[in-house]
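Numbers for residues simply follow the sequence, beginning at 1.
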Amino acid sequence: MTAGRDVWARTYYRNTTGEQLRAFLTLMGPGGRAVQLRCEVEANDEPGVCETPRGPVHGVAAGYTAVAEYARGGTAEDAPLLLRTGSNPASAPTG
């Protein structure tokens, strides 16, 4: 996500599994910059959001990507990964 000179990552979810899940949201930028956030995903049918803090764009916004991973509870080592999704790369202008 971008607004002005700020960039951040956001993922939306709805957890109907009946158990608490964890979401890991990573925003990767140019020069090896990265921000990772862990969100607890409550077990209910209400929509929710997990969002990294906003920060200034370094370089161009198209140089940023985001990955969201959802896993069952437990420790990070034994939690089975349920879903991994990433941002689409910015498309080059046509014409």
Mind checking the [atom1]-[atom2] spacing from [X] to [Y]? Nearest 0.5 Å is all I need.
X   : Y   : atom1 : atom2 : answer
T65 : L27 : OG1   : CG    : 7.5 Å
E46 : T16 : CD    : OG1   : 12.0 Å
R10 : S87 : CZ    : OG    : 14.0 Å
L25 : E69 : CG    : CD    : 9.5 Å
T11 : E51 : OG1   : CD    : 10.5 Å
F24 : C39 : CZ    : SG    : 9.5 Å

For [X] versus [Y], what's the shortest heavy-atom pair and its separation?
X   : Y   : value
V49 : Y13 : N-CE2, 3.5 Å
V7  : P56 : CG1-O, 4.2 Å
A9  : A66 : CB-CB, 3.8 Å
Y64 : H58 : OH-N, 2.8 Å
R5  : G59 : NH2-O, 3.6 Å
Q36 : T26 : NE2-OG1, 3.3 Å

Self-check item: side chain to side chain contact (heavy atoms under 4.5 Å, CB included) evaluation trace for E40 with R22
Solution: CA-CA 5 Å; E40 299 300 323; R22 290 183 295 158; 3.7 Å; yes

Say whether L83 and L21 are linked into one hydrophobic cluster, either directly or through other cluster members, by side-chain heavy-atom distances under 4.5 angstrom.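 Shared cluster, yes.
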
